[in-house]
Novice: 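Just dropping this structure here.
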Amino acid sequence: MSAPIALTLGDPAGIGPELTVAAWRALRSTGPAFFWLGDPLLLNDAIPFRLIEKPEDATEIFPDALPVIPVTCPVTVTPGQPTSENAPAVIESIERAVSYVQDGRAGGVTTNPIAKHILAASGFAYPGHTEFLAALCHTTGQEVMMLASPQLKVVPVTIHVSLRQALENLTAERIIAVTRATHRALQRDFGLSSPRLAIAGLNPHAGEEGLMGTEEQTIIGPAITQLKNEGLCVSGPFPPDTMFSATARPKYDVAICMYHDQALIPLKTLDMAEGVNVTLGLPVIRTSPDHGTAFDIAGPVRSITGRADPSSLLAALRLADFMSQHRRGNSQ
């Protein structure tokens, strides 16, 4: 039997509570089981829930009630009106979820959406979930962000920095490290024995042999050569404007992209509803829905409008369970 997934609070003023309720309703009969680290006051008796002290109790309870490990918000939550005063609860929820996975009491972490600017206003020192999780796992610098959907998987080499900073940060060494981590994760957590990794170019037409930029020749090409020498199945660099077409995508398992939007625009265009954010390179499994807090449509859980689509959260919970089972099988 799979260990339950730990689902975090997210920003309590966003759509996280509503999505949590919708996810339990959708999964209660089929699984995977999860427990929520959140404030039970936010549920407003919209569904049956049961307070638990131990993650191990979640699986048995799950078909009949949402298991909740209480994390209390310091101030009253008003949907659609976030406040940094509730940041401590958001952070505590993430910290406890990670610790449960590290202790083997949960199979993985699925994070509800947070508002980065709200956390930053409270003094939170990390650009987002990805970097904070790496710090909690003592693996800072090894974290790799993957966006996954049934149609496409992408990994950006540089993440939450400006485009100007991304260009400055792009090195052959970084490309090699990210691609290695992606290769290992696809083998360990996705069951692919020989993953095919397509490397994107940086410039229009992948530089057109140096006419439109030389990074393909000076940075990306040498990285690909090194990775091939290590036995990885890599190819490229490919022109970014054609490598995501319907005819190109079946030829690889993951696209390694040079910067954030180069990776996320095609993924979100193809499958925003079921896109999942996955953090690779960590000792714990972490997934997240590929959307934000949606404060503009957040409302009390008791008066759910149905405007918040739970598809991405459902995909994230299922993928966390899928990865957990593969990782556990590979460790036995």
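Numbering of residues begins at 1 and proceeds along the displayed sequence.
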Novice: Could you state the interatomic distance from CG (Leu66) to CG (Leu51), rounded to the nearest 0.5 Å?
Specialist: 10.0 Å
Novice: Looking only at side chains, do Thr111 and Ser288 share a donor and an acceptor under 3.5 Å apart?
Specialist: yes
Novice: Just one of Val278, Thr110, Thr8, Thr130 clears the side chain to side chain contact (heavy atoms under 4.5 Å, CB included) bar with Arg286, so which one?
Specialist: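 Passing option: Thr130.
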Novice: Minimum heavy-atom separation for Ile220 and Ala200, please, with both atom names.
Specialist: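 That closest heavy-atom pairing would be CD1-O, 3.9 Å.
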Novice: Mind checking who shares a hydrophobic cluster with Tyr100, ILVMFWY linked at side-chain heavy-atom distances under 4.5 Å?
Specialist: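 When side chains under 4.5 Å apart are linked, the cluster holding Tyr100 also contains Phe35, Leu37, Ile52, Ile61, Ile69, Val71.
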Novice: Pro67 versus Asp57: any side-chain heavy-atom pair under 4.5 Å?
Specialist: no
Novice: What distance separates Ser122 OG from His117 NE2, expressed to the nearest 0.5 Å?
Specialist: 11.5 Å
Novice: Quick check: are there more than 12 heavy atoms from other residues, nucleotides or ligands sitting under 6.0 Å from CD of Gln151?
Specialist: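 Yes, CD of Gln151 has more than 12 neighbouring heavy atoms, counting only those of other groups under 6.0 Å.
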Novice: Is any side-chain heavy atom of Phe124 closer than 4.5 Å to a side-chain heavy atom of Val90?
Specialist: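 Not touching, per the 4.5 Å side-chain cut-off.
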Novice: Given Leu192 and His183, is the side-chain contact (heavy atoms from CB on, under 4.5 Å) satisfied, shown in steps?
Specialist: CA-CA 9 Å; Leu192 299 177; His183 180 267; over 6 Å; no
Novice: Would you please test Thr72 and Asp39 for side-chain contact (heavy atoms from CB on, under 4.5 Å) and show each step?
Specialist: CA-CA 5 Å; Thr72 304; Asp39 193 329; 4.0 Å; yes
Novice: Yes or no on side-chain contact (heavy atoms from CB on, under 4.5 Å) for Trp24 and Trp36, after CA distance, side-chain angles and deciding distance?
Specialist: CA-CA 10 Å; Trp24 177 78; Trp36 186 52; over 6 Å; no
Novice: Give me the atom names and distance for the closest heavy-atom approach of Ser311 to Glu274.
Specialist: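 Smallest interatomic distance, heavy atoms only, reads CB-CG, 4.4 Å.
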Novice: Using the rule given for side-chain contact (heavy atoms from CB on, under 4.5 Å), can you reason through Leu152 versus Tyr252, listing the C-alpha separation, both sets of side-chain angles and the distance that settles it, and then say yes or no?
Specialist: CA-CA 9 Å; Leu152 178 67; Tyr252 57 83; 3.7 Å; yes
Novice: Applying side chain to side chain donor-acceptor pair (under 3.5 Å), can you list everything that pairs with Gln262, at least two apart in sequence or on another chain?
Specialist: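 Expected list: none.
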Novice: Who are the side chain to side chain donor-acceptor pair (under 3.5 Å) partners of Asp261, not counting sequence neighbours?
Specialist: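 If we apply the side chain to side chain donor-acceptor pair (under 3.5 Å) test to Asp261, skipping adjacent residues, there are no hits.
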Novice: Would you say the side-chain atoms of Thr182 pair up with the backbone N or O of Val178, donor to acceptor, closer than 3.5 Å?
Specialist: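 Side chain of Thr182 to backbone of Val178, a donor-acceptor pair under 3.5 Å: yes, one is there.
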Novice: So Ile91 and Phe132, do their side chains get closer than 4.5 Å, heavy atoms only?
Specialist: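 Yes, their side chains come closer than 4.5 Å.
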Novice: Does one hydrophobic cluster hold both Ile159 and Val254, with members joined at side-chain heavy-atom distances below 4.5 Å?
Specialist: no
Novice: Report yes or no: does Thr171 contribute a side-chain atom to a donor-acceptor pair with the main-chain N or O of Arg174 at less than 3.5 Å?
Specialist: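 Present.
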Novice: Please check if Leu163 and Leu170 belong to a single hydrophobic cluster, counting links between Ile, Leu, Val, Met, Phe, Trp and Tyr side chain heavy atoms closer than 4.5 Å.
Specialist: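 Shared cluster, yes.
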Novice: At their closest point, which heavy atom of Ala3 faces which heavy atom of Arg328, and how far apart are they?
Specialist: N-NH1, 4.5 Å
Novice: Is there a donor-acceptor pair closer than 3.5 Å between any side-chain N or O of Asn86 and the backbone N or O of Val75?
Specialist: yes
Novice: Taking atom CZ of Arg249 as the centre, does the number of heavy atoms from other residues, nucleotides or ligands within less than 6.0 Å exceed 12?
Specialist: yes
Novice: Measuring only between side-chain heavy atoms, which start at C-beta, is Asn277 closer than 4.5 Å to Met145?
Specialist: yes
Novice: Taking Thr214 for its side chain and Gln217 for its backbone only, find out whether a donor-acceptor pair lies under 3.5 Å.
Specialist: no
Novice: Judged by atom type as modelled, is there a donor-acceptor pair below 3.5 Å linking the side chain of Thr20 to the main-chain atoms of Gly16?
Specialist: yes
Novice: Under the rule for side chain to side chain donor-acceptor pair (under 3.5 Å), what residues qualify as partners of Glu230, not counting sequence neighbours?
Specialist: Arg180, Gln226
Novice: Look up atom CG in Leu186 and atom CZ in Arg196, then write down how far apart they are to the nearest 0.5 Å.
Specialist: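 If I round to the nearest 0.5 Å, the distance is 11.0 Å.
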Novice: Same cluster or not: Leu9 versus Leu136, using hydrophobic residues (I, L, V, M, F, W, Y) connected whenever any side-chain heavy atoms lie under 4.5 Å apart?
Specialist: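 Yes.
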Novice: Does CD belonging to Glu85 count more than 12 external heavy atoms closer than 6.0 Å?
Specialist: no
Novice: Do Ser2 and Asp321 pair up side chain to side chain, a donor and an acceptor below 3.5 Å, judged on atom types alone?
Specialist: yes
Novice: Establish whether Leu227 and Met258 are linked, either directly or via other cluster members, by ILVMFWY side-chain heavy-atom contacts under 4.5 Å.
Specialist: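 Same cluster.
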Novice: Only one of Thr179, Ile175, Leu202 forms a side chain to side chain contact (heavy atoms under 4.5 Å, CB included) with Val157, so which one is it?
Specialist: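 It is Ile175; the other options fail the test.
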Novice: Would you mind reporting whether Phe238 and Lys251 have side-chain heavy atoms less than 4.5 Å apart?
Specialist: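 Not in contact.
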Novice: So, taking the atom named CD1 in Ile297 and the one named CD in Glu18, what distance separates them when rounded to the nearest 0.5 Å?
Specialist: 7.0 Å
Novice: Looking at Ser312 and Gly275, what are the two nearest heavy atoms and their distance?
Specialist: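 Closest approach of Ser312 to Gly275, heavy atoms only: OG-O, 2.5 Å.
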Novice: Should Glu216 and Asn203 count as side-chain neighbours, where that means a heavy-atom distance under 4.5 Å?
Specialist: yes
Novice: Going by the side chain to side chain donor-acceptor pair (under 3.5 Å) test, name the single residue among Glu131, His129, Lys116 that passes it with His160.
Specialist: Glu131
Novice: Nearest 0.5 Å, please: how far is OG1 in Thr158 from NE2 in His260?
Specialist: 9.0 Å
Novice: Determine the minimum heavy-atom distance between Leu313 and Ala23, stating which atoms define it.
Specialist: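 That would be CD2-CB, 4.0 Å.
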Novice: Provide the full list of salt bridge (charged side-chain N to carboxylate O under 4.0 Å, His left out) pairs with a residue in residues 92-112, sequence neighbours left out, each pair given once.
Specialist: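 Passing the test, one end in residues 92-112: Glu56-Arg105, Glu92-Arg96.
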Novice: Do Val109 and Phe62 belong together in a cluster built from hydrophobic side chains that touch within less than 4.5 Å?
Specialist: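 They do share one cluster, since a chain of ILVMFWY contacts under 4.5 Å joins Val109 to Phe62.
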Novice: With sequence neighbours excluded, what pairs up with Asp11 under the side chain to side chain donor-acceptor pair (under 3.5 Å) test?
Specialist: none
Novice: To the nearest 0.5 Å, what is the distance between CG on Asp189 and CZ on Arg327?
Specialist: 4.0 Å
Novice: Do Pro32 and Leu27 have side chains that get closer than 4.5 Å, going by heavy atoms?
Specialist: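 Result yes, sub-4.5 Å side-chain heavy-atom pair found.
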Novice: Can you name the closest pair of heavy atoms from Phe34 and Pro4 and give their distance?
Specialist: CA-CB, 4.4 Å
